[in-house]
Amino acid sequence: MSLSFDPDTIPLPVGHFIGGELIPAEGGIEMRRPSDGKSYTDCPVAGPDLIERAVDSAKAALKASNWGGVRPRERTRALQAWADLIEAEAETLARIEALSSTRPVGQLVAGDIAITAEQIRFFAEFADKEGSELAPTDDTSLGMIMSEPYGVVGAITPWNFPVSMAGWKLGPALAAGNAVVLKPSEMTPFSAIYLAQLAVRAGLPAGLINVVLGDGPTSGTALTGHPEIAKVSFTGSTRAGSAIMENVARTGVKPMTLELGGKSPQLVFADADLDRAASAIAGSVTFNAGQACVAGTRLIVEKSVADRLTVAILEKMKAARPGPTWDATTQYSPIISERQRARIDSIVRAAVAAGGECLTGGNSMDHAGYFYEPTLIADVDQANPAIVEEIFGPVLTIQTFETEEEALALSSHPTYGLASGLFTSDLSRTIRFARKLEAGTVWVNRYSRSRDHILPTGGYKRSGIGKDLGREAYLANRRTKSVLISL
Ligand code: NAD
């Protein structure tokens, strides 16, 4: 059966999800579908009262279910049952996701949703394998480093991969024995509600996952500043990350993991497999129309092969077929909103005004919805707006180098250090660059994550603090207590 659907026929869970129940709400922020610009519903905005209710519900669920204190294997089993149900309901979840977001339905079932289920299973397995330690002490005492959950984790996610981002937060927090109050993006909130509904259907205690809808300034601020939120887990822009740090500092101190913006370089040396590099580079800026934190938007290529590589990239950038997210054959996504499309366009125009040459694209697409052409800009220096700004759209810049030192200098960004790509067949150079690149991830001869969720992801510089995925994400949801006993 085709996954394509009529967007006017999809029921959406509009409301907040607290204590295992959908609390209908009306009014709020008008929502428009990125694929055709049509207004379709409002996103309710939770005020401090509703946040209070959600936090109370999380605390009550922890107490009633003893989620943090049950046999850890019970947590594993419950989370695995949830992952199974997510897979079984993948098509319904995909339609809810595709309706509001930029994710084409044809990429969701086997992509984002299958990966999210796998990641929940991955984190579930930590529950009964990671634990406390005995500390080396003299024989008159016993030292223990006890590992414990925090209690209630406050999680906030962005709009670009709504299901996956919710999974990144919920999987490790729940496996580690916490309850969660999650605030998804006001632009794409409904798939998170449906995920939480599936958790309750799968047997997780009601109230363990609460989803509150709303914007950053009202709902996000009330959530991160709530005194009973013991830890904040955030993914979004560096600007919002700073605002959250400020709010948390003002309202009390608590640990935070912040996964923030990026402006990642892709370095290509003349000895690389250029066709492979071209596919990876074009793919990374056209996938989700470049609306990915790790998008490799700065191409830095050895001068002798720059022309050849540019021709190959130009060809591949234009290959992805645009269309509405509810058409199963769509490959190229719309931009999330008219406002974001206008921002992309204004940075591209500023880049050209500052001396950049637009080799392709540079305009909105003549297409219903908020589509923007895949864009390649050459002749940019380090001060060009297209290099400085995280554009969060399908815009690639190209710069050239002649020496390794030049390549390294160009790769370094004053603000961001999220990911980086390196294409070369020289093993020694690979190791040299893997050591020197200032980024939380270095991909070599590829530019994408694998499905081995053990590799953590997170940023250097202002791309963030702490990690999602991997063992580190699980441990970030536990705190340790030192216990010393005199014998
Ligand atoms: P955003 O920062 O505008 O919003 C993200 C979330 O934060 C939303 O839920 C929003 O309501 C909330 N928010 C905004 N201001 C807030 C505040 N003051 N207090 C509390 N919450 C607040 O980001 P976006 O436009 O949704 O997403 C795009 C950004 O996310 C890009 O910068 C991208 O690089 C980043 N991102 C990073 C990663 C990563 O793993 N590092 C992954 C995906 C997206």
Side-chain angles (χ1 to χ4, degrees), residues 28-43 97-104 156-162 164-165 183-191 214-217 220 234-243 259-264 284-297 317 320 322-325 330 332-352 358 361-377 385-397 415-416 418 463:
I29 304 161
E30 184 189 31
M31 299 185 68
R32 288 181 179 275
R33 304 191 297 224
S35 295
D36 63 3
K38 187 175 163 190
S39 168
Y40 64 102
T41 189
D42 295 327
C43 173
E97 180 85 323
L99 177 61
S100 314
S101 78
T102 59
R103 306 291 305 123
I156 297 183
T157 48
W159 52 261
N160 59 338
F161 296 99
S164 316
M165 295 296 104
K183 193 204 80 61
S185 167
E186 58 274 36
M187 292 199 259
T188 54
F190 304 117
S191 54
D215 64 0
F234 174 74
T235 298
S237 63
T238 298
R239 177 194 49 74
S242 296
E259 299 296 337
L260 309 177
K263 189 74 200 178
S264 301
S284 105
V285 286
T286 52
F287 179 66
N288 207 28
Q291 299 164 107
C293 54
V294 291
T297 50
M317 275 176 97
T325 46
T330 292
Y332 185 68
S333 295
I335 303 303
I336 186 68
S337 65
E338 183 54 52
R339 188 165 163 232
Q340 173 60 9
R341 182 168 69 168
R343 180 177 176 271
I344 294 169
D345 197 53
S346 78
I347 299 175
V348 167
R349 279 166 210 289
V352 172
C358 203
N363 290 297
S364 293
M365 276 179 164
D366 186 15
H367 199 288
Y370 311 133
F371 288 84
Y372 200 84
E373 294 172 342
T375 301
L376 179 51
I377 307 178
I387 294 287
V388 175
E389 298 284 335
E390 182 190 36
I391 302 176
F392 224 56
V395 183
L396 178 69
T397 56
T415 310
Y416 300 112
L418 191 56
S463 286

For [X] and [Y], indicate whether the former's side chain and the latter's backbone hold a donor-acceptor pair under 3.5 Å.
{"X": "Lys263", "Y": "Val388", "result": "no"}
{"X": "Tyr370", "Y": "Ser364", "result": "no"}
{"X": "Asp36", "Y": "Lys38", "result": "yes"}
{"X": "Gln340", "Y": "Gly393", "result": "no"}
{"X": "Thr375", "Y": "Glu373", "result": "yes"}
{"X": "Ser284", "Y": "Ala295", "result": "no"}
{"X": "Thr188", "Y": "Pro184", "result": "no"}
{"X": "Ser463", "Y": "Leu260", "result": "no"}

**Request:** Sequence neighbours left out, what passes side chain to side chain donor-acceptor pair (under 3.5 Å) with Ser35? Give chain and number order.
**Result:** Thr325

Pairwise side-chain contact, [X] with [Y], heavy-atom cut-off 4.5 Å (strictly under):
{"X": "Pro394", "Y": "Tyr332", "value": "yes"}
{"X": "Cys358", "Y": "Leu376", "value": "no"}
{"X": "Glu259", "Y": "Phe234", "value": "no"}
{"X": "Val348", "Y": "Ile377", "value": "yes"}
{"X": "Phe392", "Y": "Ile335", "value": "no"}
{"X": "Met31", "Y": "Pro189", "value": "yes"}
{"X": "Thr415", "Y": "Glu390", "value": "no"}
{"X": "Pro322", "Y": "Met365", "value": "yes"}

**Request:** Taking atom types as modelled, find out whether Tyr40 and Ser100 have a side-chain donor-acceptor pair closer than 3.5 angstrom.
**Result:** yes

Which atom names give the shortest non-hydrogen contact between [X] and [Y], and what distance separates them?
{"X": "Ser39", "Y": "Glu30", "answer": "OG-OE2, 2.8 Å"}
{"X": "Thr157", "Y": "Met165", "answer": "CG2-O, 3.6 Å"}
{"X": "Arg103", "Y": "Ser333", "answer": "NH1-OG, 4.4 Å"}
{"X": "Ser101", "Y": "Pro162", "answer": "CB-CG, 4.2 Å"}

**Message:** Pair Phe371, Asp366 - check side chain to side chain contact (heavy atoms under 4.5 Å, CB included), show working.
**Reply:** CA-CA 8 Å; Phe371 288 84; Asp366 186 15; over 6 Å; no

**Prompt:** Knowing that exactly one of Ile336, Thr102, Asn160 qualifies, which makes a side-chain contact (heavy atoms from CB on, under 4.5 Å) with Met187?
**Reply:** Ile336

**Prompt:** Taking 4.0 angstrom as the limit, do Asp345 and Arg341 come out as a salt bridge?
**Reply:** no

**Message:** Whether Arg343 and Glu389 form a salt bridge (side-chain N of Lys/Arg under 4.0 Å from carboxylate O of Asp/Glu) is what I want to check.
**Reply:** yes

**side chain to side chain contact (heavy atoms under 4.5 Å, CB included) against Ser237, all qualifying residues, sequence neighbours excluded** = Arg239, Ala240

**Item:** Pairwise distance CD(Glu186) to CH2(Trp159) - rounded to 0.5 angstrom
**Value:** 11.5 Å

**Prompt:** What distance do Cys293 atom SG and Leu418 atom CG have between them, rounded to the nearest 0.5 Å?
**Reply:** 5.0 Å

**Complete:** The ring pair (Phe, Tyr, Trp, His ring centres under 6.0 Å) partners of Tyr416 (sequence neighbours excluded) come to His413

**Request:** May I have the step-by-step check of side chain to side chain contact (heavy atoms under 4.5 Å, CB included) for Ile344 and Val395, ending in yes or no?
**Result:** CA-CA 8 Å; Ile344 294 169; Val395 183; 4.0 Å; yes

**Request:** Over 60° means perpendicular and under 30° means parallel, so classify the ring planes of Phe161 and Phe287, tilted if in between.
**Result:** parallel

**Request:** For side chain to side chain donor-acceptor pair (under 3.5 Å), just list the numbers for Ser191 and Glu97, CA-CA rounded to whole Å, side-chain angles, deciding distance to a tenth of an Å, and then say yes or no.
**Result:** CA-CA 5 Å; Ser191 54; Glu97 180 85 323; 2.6 Å; yes

